[in-house]
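In what follows, a single structure is set out as structure tokens and then discussed.
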Amino acid sequence: MGYERSVSAPNHELSTETVWHVTMPEIRFGRDSTDELAFQLRDLDVDDDARGLVVTDETLVDIGHADRVTEHLEAAGLSVDVYDESEREPSVEAAERCIEYVRESAGEAGYDFYVGLGGGSCMDTAKVARAVIANGGSPLDYIAEPTGDGKALTESGDPLVLMPTTAGTGAEVSPVAILSVPEKEIKEGISSNHVRADAAVLDPTLTTTLPPDLTAKTAMDALGHAIEGYTTHEYDSLLRPTDPADRPVYAGRTPLTEMFSEKAIDLLSNNVRAAVHNGDDLEARENMLQGALFGAIAGLTAGASLCHAMAYPVGNRYHTKHGETIAVLTPASTIDYNAASDPGRFADVAEMFGVDTTGMTDREAADALKSQYVQLQQDLNVLPSGLAELADITEEDVDWLARQTVETQQRLLRCNPRPVTEDDVRDIFLDALHNWED
């Protein structure tokens with residue numbers, strides 16, 4: 001067993017893993033659970049006279065979600081400031097601006113509590129700000145080398161509660177915060193259990209204002225987490241670190257993550273059409289938010305893999321939305337290329353998608369899964385047909401994208417269930433240029 005196939009920490013013995021663990025925030029889920037946010041903060045030992053910060057964006061202020069949260073907290077006697085300058089696909093500089101705001105408004109010690117309200121970008125901004133305030137310095141101190149200094153976080157900081165307004169990113173339970181580094185055309189993660197939020201409050205009524213295209217795009221990210229989590233390495237096929245503290249946050253699938261993946265795939269694939277075409281269908285919205293949560297628990301514990309690794313160079317160079325990038329890459333990468341690693345497992349996913357696999361070989365069922373996934377995207381009618389439509393990407397762009405994937409995304413490629421070379425990635429990118437013809 002070679003280390004290059006392992007997600008284990010560098011300092012390890014040549015023995016397979018025998019231990020799995022799961023860490024997640026306190027989770028409060030349900031319609032109007034926003035009304036229990038103050039109770040959740042008290043449960044995290046936030047004092048009655050505490051001062052907190054809501055990290056969000058201008059859109060959520062304009063549509064009233066931020067007011068709903070702050071009015072509830074103020075009615076409970078808490079003092080609240082609002083930072084509404086989070087940007088989509090946040091850069092290191094954007095995170096630094098939020099940190100600077102915290103230091104100027106609340107001092108070096110920061111606020112008594114933090115609330116991240118929004119999509120993954122708002123939540124990741126809140127996660128980075130809280131972590132850097134608690135540990136000092138700047139975000140680049142904690143991004144892995146060679147981009148950053150690779151310092152380890154040692155403190156989690158004051159309580160952080162995340163409130164997603166989309167059903168997709170999984171940032172509310174993830175131990176990773178993703179930042180772009182525009183000058184290098186890459187994205188990097190700060191990966192640590194100290195980045196993870198203390199609690200998540202998931203209220204489906206906060207997602208009904210999400211327009212059809214963003215509903216579809218974030219759903220594809222959630223489906224990506226669920227399928228990648230279900231099909232990645234088993235935890236006990238990886239290498240065991242010498243020190244349990246060095247066990248990575250993406251540590252392979254387990255019986256627990258498999259259960260969450262299966263339920264996530266069912267909820268998401270069977271409700272996304274209704275949520276996209278009738279955004280006021282609260283039952284569909286609730287099922288989507290629950291499916292996204294389950295997919296994140298599975299995929300962001302077991303490990304995202306090849307598709308996510310390929311998505312980051314695309315998103316960083318072409319400024320595409322993460323969910324739609326996952327959507328166009330999944331058929332060629334997660335399904336087509338990785339199916340060879342375990343056709344039977346992909347046949348199981350095909351059945352979860354509603355494919356009648358009677359009389360099919362496992363490989364035929366995996367091929368049918370690809371067709372069913374593409375049909376789902378076509379039914380939603382708001383997703384691009386491939387990389388070409390997504391961002392005018394051509395064959396001439398593929399060499400750079402493949403090279404960037406292999407050179408900058410080893411953290412995710414080590415999770416992939418099938419070995420991958422730069423030539424492999426190039427071929428997958430070529431395949432993903434067109435998933436269907438208009």
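Residues passing the salt bridge (Lys or Arg N to Asp or Glu O under 4.0 Å) test with R426 are D399, sequence neighbours excluded. Residues satisfying the salt bridge (Lys or Arg N to Asp or Glu O under 4.0 Å) test with K321, not counting sequence neighbours, are none. When the salt bridge (Lys or Arg N to Asp or Glu O under 4.0 Å) test is applied to D62, no partner is found at least two apart in sequence or on another chain. Under the ring-ring contact (aromatic ring centres under 6.0 Å, His included) criterion, F353 pairs with no residue at all, not counting sequence neighbours. With sequence neighbours excluded, the residues that form a side chain to side chain contact (heavy atoms under 4.5 Å, CB included) with A274 are D281, A284. Taking the side chain to side chain donor-acceptor pair (under 3.5 Å) definition, one finds that E36 meets it with R28, sequence neighbours left out. For E155, the side chain to side chain contact (heavy atoms under 4.5 Å, CB included) criterion is met by A134, N135, not counting sequence neighbours. In this structure, the side chain to side chain contact (heavy atoms under 4.5 Å, CB included) partners of E185, at least two apart in sequence or on a different chain, are N316, R317, W400. Scanning for salt bridge (Lys or Arg N to Asp or Glu O under 4.0 Å) contacts around R68 gives D32, D203, with sequence neighbours left out. Take T215 and apply the side chain to side chain donor-acceptor pair (under 3.5 Å) test, not counting sequence neighbours, and it matches R285.
At a threshold of 4.5 Å between non-hydrogen side-chain atoms, the residues Y230 and E258 count as touching. Looking at heavy atoms from C-beta onward, L60 lies in side-chain contact with I63 at the 4.5 angstrom threshold. F113 places a side-chain heavy atom less than 4.5 Å from the side chain of L78.
Taking CG of L210 as the reference point, atom OG1 of T166 lies at 6.5 Å (rounded to 0.5 Å). Interatomic distance, Y318 OH to L401 CG, rounded to the nearest 0.5 Å: 5.0 Å. Atoms NZ and CD, on K187 and Q404 in that order, are 13.0 Å from each other to the nearest 0.5 Å. With rounding to the nearest 0.5 angstrom, the CD1 atom of I227 is 8.5 Å from the CE atom of M220. The structure places CG of L387 at 10.5 Å from CD of E324, a figure rounded to the nearest 0.5 Å. Atom CG in N270 sits 11.0 Å away from atom CD1 in I265 (nearest 0.5 Å).
The neighbour count for K370 NZ, taken as heavy atoms of other residues, nucleotides or ligands under 6.0 Å away, is above 12. At most 12 non-hydrogen atoms from other residues, nucleotides or ligands lie less than 6.0 angstrom from CZ of F39. The environment of E395 atom CD is sparse: at most 12 non-hydrogen atoms of other residues, nucleotides or ligands sit within 6.0 angstrom. Annotation for E283: atom CD does not count as buried by contact number, only 12 or fewer foreign heavy atoms lying within 6.0 Å.
A donor-acceptor pair is defined here as one N or O able to donate and one able to accept, closer than 3.5 Å; no such pair exists between the side chain of R31 and the backbone of T205. The closest donor-acceptor contact from the side chain of S121 to the backbone of E89 lies under 3.5 Å. Using a distance-only test at 3.5 Å, with no hydrogens or angles considered, a donor-acceptor pair links the side chain of K127 to the main chain of V176.
Of all heavy-atom pairs spanning L413 and T405, the tightest one is CD1-O, 3.7 Å. The shortest heavy-atom contact between A432 and L329 is CB-CD2, 3.9 Å.
A donor-acceptor contact under 3.5 angstrom links the side chains of T209 and H65, judged on distance only. For T320 and T325, the side-chain atoms include at least one donor-acceptor pair closer than 3.5 Å. Looking only at atom types and distance, the side chain of E87 has a donor-acceptor partner in the side chain of S91 under 3.5 Å away.
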Evaluate Y111 against D158 for side-chain contact (heavy atoms from CB on, under 4.5 Å), listing each step before the verdict.
CA-CA 7 Å; Y111 287 89; D158 291 300; over 6 Å; no
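When each of L179, V92, I178, I143 is tested with E188 by the rule side chain to side chain contact (heavy atoms under 4.5 Å, CB included), just one qualifies, namely I143.
Residue pairs that meet the ring-ring contact (aromatic ring centres under 6.0 Å, His included) test with at least one member in residues 196-219, sequence neighbours left out, do not exist here. Listed by first and then second residue, the side chain to side chain donor-acceptor pair (under 3.5 Å) pairs that reach into residues 44-57 are R42-D48, R51-D81, sequence neighbours excluded.
By the 30° and 60° cut-offs, the orientation of the rings of Y312 relative to H322 is parallel.
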